[in-house]
Amino acid sequence: MPELPEVETIARDIRPHLVGAVIRGVRVLKADILRGIGPRAFERSLAGCRIAAVSRRAKHVVIRLDDGRRVVIQPRMTGSLLVSEAPVTADRYVTIAVRLSTGRQLTYRDVRRLGAVHLLSAEAWTRYTARLGPEPLEAGFTAARLAAALAGGRLAVKKALMDQRRLAGVGNIYANEALWSAGIDPSRLARTVTTAEARRLHHELVGILRRSIRRRGTTVRDYRTGTGEAGAYQSRLNVYGRARRPCPRCGRRIVLTHAVDARATYFCPGCQR
DNA sequence: ACGAGGTCCTGCGAGC
DNA sequence: TGCTCGCAGGACCTCG
């Protein structure tokens with residue numbers, strides 16, 4: 001389940017192998033992950049293009065080409081990007097295989113194929129990214145901006161944190177962890193979060209995302225870095241996946257519910273208010 | 001306008 | 001032991 005730290009790790013891993021390289025050949029093996037373009041058109045329009053930059057936006061890896069177009073990869077649940085020396089075509093879950101001028105291969109693998117790959121013009125990318133909320137790790141993202149993202153509507157604070165239009169890059173794992181760290185009950189309405197709580201939540205969320213990047217993300221099951229390894233932040237999780245185990249802060253048993261948005265929500269009834 | 005709920009996809013583990 | 005079923009969840013879609 002690649003969220004911001006995982007996608008950031010992937011982008012950092014593959015960037016040095018991609019920037020400056022020319023795409024020699026593309027093979028789409030599972031066409032249903034492509035959005036808005038057919039497999040043959042995708043293959044043809046990428047051949048011969050030079051890669052100018054690799055970045056992350058929300059939970060997307062963005063590969064910018066010399067001509068301004070972007071290949072936007074959204075791994076969602078089980079997608080992974082890997083740069084390797086040799087082709088990995090024997091793997092039945094490979095959806096796209098890219099041959100680079102350096103001799104290396106870029107592979108997009110996705111077991112459940114819930115992921116999505118777009119090829120966007122510069123203008124289409126501008127429209128795409130405009131629909132996403134602020135980046136939590138950018139300098140301009142203050143506690144006040146978080147408070148603004150939580151204001152309005154009557155949705156639960158956890159759902160608001162995960163709403164990509166309000167805030168970019170936070171998914172289920174880090175929403176659970178940040179709310180635990182800030183001592184906020186995930187089912188509370190977002191608009192009831194006070195200024196002081198928003199300040200605390202901002203501090204905890206930013207810290208958790210940064211520390212997770214330092215540990216190359218959280219591998220619960222499927223996530224792999226851009227070099228094919230597991231992340232290491234799972235050992236630092238305080239509530240996610242820890243139902244019925246003692247809360248590290250107050251010792252009460254951690255509760256798993258599906259009351260918020262029918263998603264797995266882990267929280268401590270003792271110290272999250 | 002906004003929010004709730006269904007849908008996609010496959011592997012895995014619980015339970016019978 | 002082998003099968004079925006529900007769950008994992010991000011983001012889009014439809015409906016109210």
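Order of the sequence lines sets the chain letters (A, B, ...), proteins ahead of strands, with each chain counted from 1. Side chains included, hydrogens not; waters and symmetry mates left out as well; all remaining heavy atoms used. Since the model is a prediction, treat every value here as computed from it, not as a measurement.
- At whole-Å resolution of the value, CG in D91(A) and P in dG11(B) are 11 Å apart.
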Full working for side chain to side chain donor-acceptor pair (under 3.5 Å) between T129(A) and R57(A): CA-CA 8 Å; T129(A) 191; R57(A) 171 75 171 115; 2.6 Å; yes
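- The interatomic distance linking Y93(A) (OH) with dC9(B) (P) rounds to 15 Å, in whole Å.
- Within 4.0 Å of H258(A), counting heavy atoms only, lie sugar-phosphate atoms of the nucleic acid but no base atom.
- Taking a cutoff of 4.0 Å between a charged side-chain nitrogen and a carboxylate oxygen, R188(A) and E197(A) qualify as a salt bridge.
- In this entry the distance linking CZ of R109(A) with P of dT10(B) reads 14 Å, nearest Å.
- Against DNA chain C, the stretch residues 74-83 of chain A makes heavy-atom approaches under 4.0 Å through Q74(A), R76(A), M77(A).
- Residue-level contact check: A264(A) touches the backbone only, with heavy atoms under 4.0 Å from sugar-phosphate atoms and none from bases.
- Using a 4.0 Å cut-off between charged nitrogen and carboxylate oxygen, K30(A) and D32(A) do not count as a salt-bridge pair.
- Here the side chains of R245(A) and Y266(A) are not in contact, with every heavy-atom distance at 4.5 Å or above.
- The side chain of M162(A) has dG10(C) as its nearest neighbour among dG10(C), dT10(B), dA4(B).
- Between the C1' atom of dG10(C) and the NZ atom of K158(A) lies a distance of 12 Å, rounded to the nearest Å.
- Under 4.0 Å is where a charged nitrogen must lie from a carboxylate oxygen, and between R104(A) and E85(A) at least one such pair does.
- Side-chain N/O atoms of K59(A) include none lying less than 4.0 angstrom from OP1 or OP2 on dG10(C).
- A residue-by-residue look at R131(A) and L256(A) shows that L256(A) has its nearest nucleotide of DNA chain C further toward the 5' end.
- Remark: P of dA11(C) and NE2 of H118(A) are 10 Å apart, rounded to the nearest angstrom.
- Here the C1' atom of nucleotide dC9(B) and the CZ atom of R35(A) are 11 Å apart, to the nearest Å.
- If you check dT10(B), dG3(B), dG11(B) against the side chain of R112(A), the one that comes closest is dT10(B).
- Between L155(A) atom CG and dA4(B) atom C1' there is a gap of 11 Å when expressed in whole angstrom units.
- Across the helix from dC2(B)-dG16(C) to dC16(B)-dG2(C), the helix axis at one end is tilted relative to the axis at the other end by 50° (nearest 10 degrees, each axis from five pairs).
- For R236(A), the CZ atom is loosely surrounded, since the number of other residues' heavy atoms within 6.0 Å does not exceed 12.
- Nucleotides of DNA chain B nearest to D261(A) and R92(A) differ in position, and the one nearer the 5' end is that of D261(A).
- Nearest-nucleotide positions on DNA chain B place R165(A) closer to the 5' end than the other of R221(A) and R165(A).
- At a cut-off of 3.5 Å, with distance as the only test, a side-chain donor of T227(A) or R216(A) sits close to an acceptor on the other residue.
- Within 6.0 Å of the CZ atom in R249(A), the count of heavy atoms belonging to other residues, nucleotides or ligands exceeds 12.
- The hydrophobic clustering, which links ILVMFWY residues whose side-chain heavy atoms are closer than 4.5 Å, places V220(A) and L4(A) together.
- Put simply, CG on D32(A) is 12 Å from C1' on dT10(B), counting in whole angstrom units.
- Each of L106(A), I73(A), L29(A), I33(A) was evaluated against I96(A); a single residue qualifies, I33(A), per the side chain to side chain contact (heavy atoms under 4.5 Å, CB included) test.
- No contact: Y266(A) has no heavy atom under 4.0 Å from any strand.
- Between the base of dG10(C) and the side chain of R263(A) there is a donor-acceptor pair shorter than 3.5 Å.
- Of the candidates dA11(C), dT10(B), dA8(C), dA8(C) carries the atom nearest the Y240(A) side chain, counting heavy atoms from C-beta on.
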